[in-house]
Amino acid sequence: MSDFFQWDPAKLSLHVPEMDNEHQVLISKMNKVHSLHASGASHANIALALDDLVRYTSKHFADEEAYMERIGFPGLRVHKGVHRQLMDRLADYQRTFQTTRKLPDDLFVFFKMWLSAHICGIDAKYALHAQQAKAG
Ligand SMILES: [Fe+2]
């Protein structure tokens with residue numbers, strides 16, 4: 001079975017190797033949650049994969065924020081706010097899953113939005129800043 005979420009470098013690469021690597025790990029962890037869900041895995045197994053994704057996301061956002069700080073990205077504060085919102089939504093999904101024992105239907109739509117809108121739209125801004133800083 002092919003992966004539900006694909007790493008498509010033409011769309012998702014920021015040309016910042018450390019962040020590209022982390023985004024690929026993030027996608028593989030989203031795929032793990034999806035494949036467990038699709039194969040009817042137990043609540044406990046899905047919960048473990050979801051916990052792992054939440055932990056990794058928090059590490060990734062911290063790394064990304066440190067990177068933006070390092071390159072002097074002026075949009076850091078706004079970007080941090082967006083990360084906080086994403087973490088809050090993820091925590092909401094996790095809570096719903098714990099209470100209802102079912103993954104909310106729109107969780108994977110949320111993941112898709114995160115990958116397309118956040119990485120392509122929001123993360124692309126610090127990548128552009130890094131390129132301009134290098135060129136200048
Ligand atoms: Fe980000």
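Both counts, for ligands and for their atoms, begin at 1 and track the order of listing.
In this structure, Lys29 fails the cation-pi test against Phe111, since its NZ or CZ atom is not both closer than 6.0 Å to the six-membered ring centre and inside 45 degrees of the ring normal.
Taking Glu65 as the reference, nothing meets the salt bridge (charged side-chain N to carboxylate O under 4.0 Å, His left out) condition, with sequence neighbours excluded.
Shortest non-hydrogen contact noted between Leu12 and Asp20 is O-OD1, 4.1 Å.
A salt bridge is absent between Asp88 and Arg84: the closest approach of a Lys/Arg side-chain nitrogen to an acidic carboxylate oxygen does not fall below 4.0 angstrom. In this structure, Asp92 does not pair ionically with Arg89, as no charged nitrogen and carboxylate oxygen lie closer than 4.0 Å.
Taking 2.8 Å as the limit, the number of protein N, O or S atoms around the Fe ion (ligand 1) is 5.
Residues His60 and Thr57 have side chains not in contact (no heavy-atom distance under 4.5 Å, counting atoms from C-beta outward).
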